[in-house]
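These figures come from a predicted structure and were not determined experimentally. Reckoned from all heavy atoms, side chains included, excluding hydrogens, waters and symmetry mates. Each residue takes its place number in the sequence, starting with 1.
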Amino acid sequence: MHTVMLVLVEIVVVITISRLVGLGFKSIKQPLVIGEIIAGIMLGPSLFGLIAPQAASTLFPKETLPYLNILSQIGLIFFMFLIGLELNPKYLRGNLKAAVLISNISIIVPFTLASFLSFLLYPLVSTTKVSFIAFTLFLGAAMSITAFPVLARIITENNLQKTRLGTLALTCAAVDDVTAWCLLAISIAVARHGNIDLQAVLTIMESIVYIVLMFTGGRWLMQLLATHYQRTGKLNQFLLAVIYITVVISALITELIGIHLIFGAFLLGAAMPKSANFVRELAEKTEDFILVFLLPIFFAYSGLKTEIGLLNRPHLWLLCLLILAVAIAGKYFGAYFAARISGINKKEASALGWLMNTRGLTELIVLNIGLELGVITPLLFTMLVIMALVTTFMTSPLLEWTYPKQEIRLDIVATDDLEIAAEPATEISEPTITPYRILVPVANPHTQKGLLQLAVAIAINYQHPAIVNPLSLIEFEEDYAFENTPTEANRLISERHQQLDELISTLEPQETRSYIHPIIRISSNVARETVEIAKIQQPDLILVGWHRPAFSNNRLGGRVGQILTTAPVDVAVFIDKGGERLENLLVPYSTNIHDDLALILALRLLINRDNCMLQVLQMLDNNMPHELSYEIQGMIEQLPQNVSDRIQIETLPNTEHKSVVVAASEKADLTIVGTSRAWGIERQTLGRYTDELALECRSSLLITRRYSQVTSHLSSLLPEINSIRI
């Protein structure tokens with residue numbers, strides 16, 4: 001097969017496997033990049049070459065490796081440019097004094113431990129071609145790295161960007177990133193010259209001069225490009241070409257100086273003016289091709305050089321575990337004790353220690369440079385790759401264990417979207433009464449006004465406390481998308497908050513608006529996050545909208561199905577078929593707890609709205625009507641006369657129930673029906689009757705699923721109900 005054709009086949013295989021494995025890891029709440037790195041290792045001699053050596057050598061022959069190397073180097077150059085572009089000075093506006101102390105100690109401690117470890121490793125896993133000083137400097141730099149991009153996205157995904165911990169971790173990581181790259185540059189200069197001689201010192205001095213030039217003259221030139229962008233409001237192809245050419249030239253200069261290509265690209269990105277729109281558009285135009293096409297090739301190229309089979313003796317695995325222990329302990333205890341000295345409490349200091357252990361892709365870049373320069377052997381390269389994977393993989397679960405999400409909202413730096421008001425603005429005569437709370441997931445503020453209006457109608461009775469929480473979760477599909485950076489995430493949260501405020505401002509009467517308190521969060525899984533928030537906030541009801549005819553397949557999948565299945569509270573699904581009136585309610589009733597909830601919510605609407613009428617259709621079963629449950633009967637008996645007079649109870653003829661209900665729904669504004677009584681057995685369906693009704697009902701439809709009979713949606717309106725609750 002022609003070499004070019006073979007390289008193209010390799011690229012197809014690499015991107016496909018990387019995407020699949022990456023998505024698999026993302027489903028278990030791990031960074032996408034971890035899965036892509038492991039996909040690269042799987043394609044190398046550690047797995048593919050082990051189980052099918054002939055196929056592996058056919059797919060990845062030696063003559064194609066230089067092509068993959070060139071593509072991976074191009075990908076690295078532009079990825080480092082993106083990292084520099086994301087290094088926003090805003091991250092350094094926090095507690096810089098504490099951050100510098102924590103960051104430097106979290107570098108000094110692992111670097112020192114690595115230096116001692118070098119005395120053991122150098123004679124065992126190195127060669128005489130590498131000087132001990134070069135080996136020690138490089139090992140220390142590799143142990144000291146914190147991956148700023150991965151850490152920033154972990155912070156965003158966990159909604160920590162506005163907490164004390166999040167802002168401090170970002171500042172520490174930004175300082176750490178700059179310090180570690182400088183340290184690595186020194187290590188490379190020494191490694192290329194074999195020792196700390198005059199030439200190595202000159203290389204370091206030239207690097208310092210170039211850094212100064214980039215942040216003075218280079219920044220001034222880049223500012224001209226940003227000004228041009230501000231005038232035109234568009235990043236055209238000519239401007240993009242100028243920027244990309246400058247990236248390559250800067251990379252070439254640092255290579256000629258004697259450090260590495262990636263430093264020039266990183267420096268240019270860091271020196272770019274951080275005008276929000278300019279940076280966002282530049283990142284969006286650059287990242288897709290780099291992250292989807294070129295970066296997986298780098299992972300595969302690294303994987304082809306990673307051979308876990310080299311660890312073929314017990315003492316080598318012990319050395320690998322020792323490297324892992326030193327790497328974890330150095331970063332964790334360095335950050336922890338420095339944080340404690342700075343006055344940070346134990347829990348946050350511990351969480352910071354785990355966050356600073358994140359190494360990820362940055363570590364892999366460093367290790368490839370070391371292998372390329374011959375400073376580390378393939379055996380040590382494999383050990384350090386394992387260390388990079390383990391330290392990144394463990395960050396999210398250890399962070400969750402140390403600093404649970406339930407505690408994150410208690411650690412807000414300033415007024416934040418995530419903070420939920422404990423009480424409505426109106427005065428409450430009974431301060432001991434718990435407000436009635438409805439959680440309303442709002443996917444699109446522009447189209448779900450009807451959903452929020454219904455929540456307000458159910459919740460708000462002006463004589464009793466109530467809270468409506470519109471929940472807007474911003475879901476990111478990719479781990480390395482620019483929008484995942486904390487600064488950009490905050491912009492999106494602010495934008496979404498404004499959209500919700502505009503929606504709330506349209507609700508009438510105006511008095512209802514003070515009861516509505518939005519929750520806006522970043523999420524990697526909307527359904528799972530909704531359930532977690534429900535566990536924390538403990539609402540009385542989750543009211544979720546449904547806007548597409550998925551019921552036609554008699555299946556309830558997707559986010560709504562997951563919320564219905566897993567939420568530990570009562571849930572109602574609203575199918576909005578238009579119309580703003582809410583005067584005529586229809587409840588088809590049979591004896592099951594889900595229909596009980598449907599009738600209870602109808603009674604709450606009836607009490608809250610004086611102009612509301614309720615028609616209850618009792619279904620016949622074996623020529624006997626379904627009697628109202630003891631709970632419902634007790635509630636109706638306690639209703640005031642002016643409310644009970646607006647209830648009409650009829651017996652549904654022993655015919656086709658669905659057709660009668662559909663006909664009755666033509667005169668209703670809202671039909672409320674419970675899920676199938678078999679819901680607990682067949683959780684993926686609402687039951688044939690309810691599924692079909694969802695399609696054929698003439699009015700808007702509210703489908704209820706009851707979680708617990710202990711919850712009473714009328715207890716605040718009819719206090720005596722507590723004594724008869726079943």
Handout entry: Note, P441 side chain near L473 side chain (heavy atom, < 4.5 Å)
Key = no
Exercise for the section: Enter the distance from L597:CG to D570:CG here, rounded to the nearest 0.5 Å. Expected result: 5.0 Å
Exercise for the section: Report the distance from atom CD1 of I600 to atom CD1 of I458, rounding to the nearest 0.5 Å. Expected result: 12.5 Å
Problem - Flag side-chain contact, heavy atom, 4.5 Å: L541 against V571 - result: no
Handout entry: Within-4.5 Å side-chain heavy-atom neighbours: Q538 and V569
Key = no
Practice task
Give the intermediate values and the outcome of side chain to side chain donor-acceptor pair (under 3.5 Å) for residues T392 and T358.
Solution key: CA-CA 5 Å; T392 306; T358 305; over 6 Å; no
Problem - Expected output: side-chain R609 to main-chain A457 donor-acceptor under 3.5 Å - result: no
Handout entry: Other residues, nucleotides, ligands: >12 heavy atoms within 6.0 Å of E508 CD
Key = yes
Practice task
Could you tell me whether the side chain of T395 and the main chain of L355 form a donor-acceptor pair under 3.5 Å?
Solution key: no
Practice task
Spell out, as yes or no, whether a donor-acceptor pair under 3.5 Å connects the side chain of S350 to the backbone of K347.
Solution key: no
Practice task
Using a strict 4.0 Å threshold on nitrogen-to-oxygen distance, state whether E502 and K449 make a salt bridge.
Solution key: no
Handout entry: Gap separating the CZ atom of R164 from the CG atom of L352, nearest 0.5 angstrom
Key = 13.0 Å
Problem - Non-hydrogen side-chain atoms of R521 and I533 separated by less than 4.5 Å - result: yes
Practice task
Might you confirm whether atom NZ of K577 has over 12 heavy atoms from other residues, nucleotides or ligands at distances under 6.0 Å?
Solution key: yes
Problem - CA sep, side-chain torsions, deciding dist, call: S472, I519, side chain to side chain contact (heavy atoms under 4.5 Å, CB included) - result: CA-CA 6 Å; S472 188; I519 307 172; over 6 Å; no
Practice task
Return the minimal non-hydrogen interatomic distance between D595 and V673, and the atom names on each side.
Solution key: OD1-C, 4.1 Å
Handout entry: Interatomic distance, I155 atom CD1 to T163 atom OG1 [nearest 0.5 angstrom]
Key = 7.5 Å
Practice task
Begin with the C-alpha distance, continue with both residues' side-chain angles, and end with the deciding distance and a verdict on salt bridge (charged side-chain N to carboxylate O under 4.0 Å, His left out) for E36 and K26.
Solution key: CA-CA 10 Å; E36 293 184 330; K26 191 175 181 183; over 6 Å; no
Handout entry: Side chain proximity check, V662 to C697, heavy atoms < 4.5 angstrom
Key = no
Completion exercise
E583 meets the salt bridge (charged side-chain N to carboxylate O under 4.0 Å, His left out) criterion, sequence neighbours left out, with R581
Practice task
Would you mind reporting whether Y403 and N158 have side-chain heavy atoms less than 4.5 Å apart?
Solution key: no
Practice task
May I have the step-by-step check of side chain to side chain contact (heavy atoms under 4.5 Å, CB included) for K535 and V531, ending in yes or no?
Solution key: CA-CA 6 Å; K535 291 177 181 177; V531 172; 3.8 Å; yes
Exercise for the section: Scan side-chain atoms only and decide if T671 and S699 contain a donor-acceptor pair under the 3.5 Å cut-off. Expected result: yes
Problem - Nearest atoms (heavy-atom pairs only) where P588 meets V661 - result: CG-CG1, 3.6 Å
Handout entry: D669 side chain reached by S700 side chain, heavy atoms, under 4.5 Å
Key = no
Handout entry: Exercise: identify the closest heavy-atom pair between G674 and A598
Key = N-CB, 4.0 Å
Practice task
Of all the heavy-atom pairs spanning A351 and T402, show the shortest one and how long it is.
Solution key: N-CG2, 3.7 Å
Problem - Backbone of H713 reached by a side-chain donor or acceptor of R604 within 3.5 Å - result: yes
Exercise for the section: Check the pair N584, Q615 against side chain to side chain contact (heavy atoms under 4.5 Å, CB included), reporting the backbone distance first and the verdict last. Expected result: CA-CA 8 Å; N584 295 300; Q615 181 184 14; over 6 Å; no
Practice task
Measure from the ring center of Y436 to the ring center of H464 and say whether it is less than 6.0 Å.
Solution key: no
Exercise for the section: With rounding to the nearest 0.5 Å, note down the distance linking CG in L451 to CG in L702. Expected result: 9.5 Å
Exercise for the section: Measure the shortest side-chain to side-chain distance between I38 and F25 over non-hydrogen atoms and say whether it is less than 4.5 angstrom. Expected result: yes
Problem - Member of I504, L507, V440, I438 meeting the side-chain contact (heavy atoms from CB on, under 4.5 Å) criterion with V456 - result: L507
Exercise for the section: For a side-chain contact (heavy atoms from CB on, under 4.5 Å) with L670, tell me which candidate from V587, L601, L586, L605 qualifies. Expected result: L605
Handout entry: T487 OG1 to L492 CG distance, which is reported to the nearest 0.5 Å
Key = 11.0 Å
Practice task
Please report the C-alpha distance between Q618 and E650 in whole Å, then the side-chain angles of each, then the deciding distance to 0.1 Å, and finally whether the side chain to side chain donor-acceptor pair (under 3.5 Å) criterion is met.
Solution key: CA-CA 6 Å; Q618 286 184 275; E650 300 178 14; over 6 Å; no
Problem - Under 3.5 Å donor-acceptor, Q448 side chain and N444 backbone - result: yes
Fill in the blank from the handout: In short, L291 meets R19 closest at the heavy-atom pair O-NH2, 4.3 Å
Exercise for the section: Answer yes or no: is there a donor N or O on one side and an acceptor on the other, between the side chain of R698 and the main chain of E696, under 3.5 Å? Expected result: yes
Problem - With sequence neighbours excluded, residues passing salt bridge (charged side-chain N to carboxylate O under 4.0 Å, His left out) with E495 - result: R491
Handout entry: N/O donor-acceptor pair under 3.5 Å between R705 side chain and T675 backbone
Key = no
Exercise for the section: Check salt bridge (charged side-chain N to carboxylate O under 4.0 Å, His left out) between R646 and all other residues, then give those that pass, not counting sequence neighbours. Expected result: none
Problem - Distance-minimising heavy-atom pair for N469 and I467 - result: ND2-CG2, 3.5 Å
Practice task
Would you check, one step at a time, whether the test side chain to side chain contact (heavy atoms under 4.5 Å, CB included) holds for V442 with L471?
Solution key: CA-CA 6 Å; V442 178; L471 173 63; over 6 Å; no
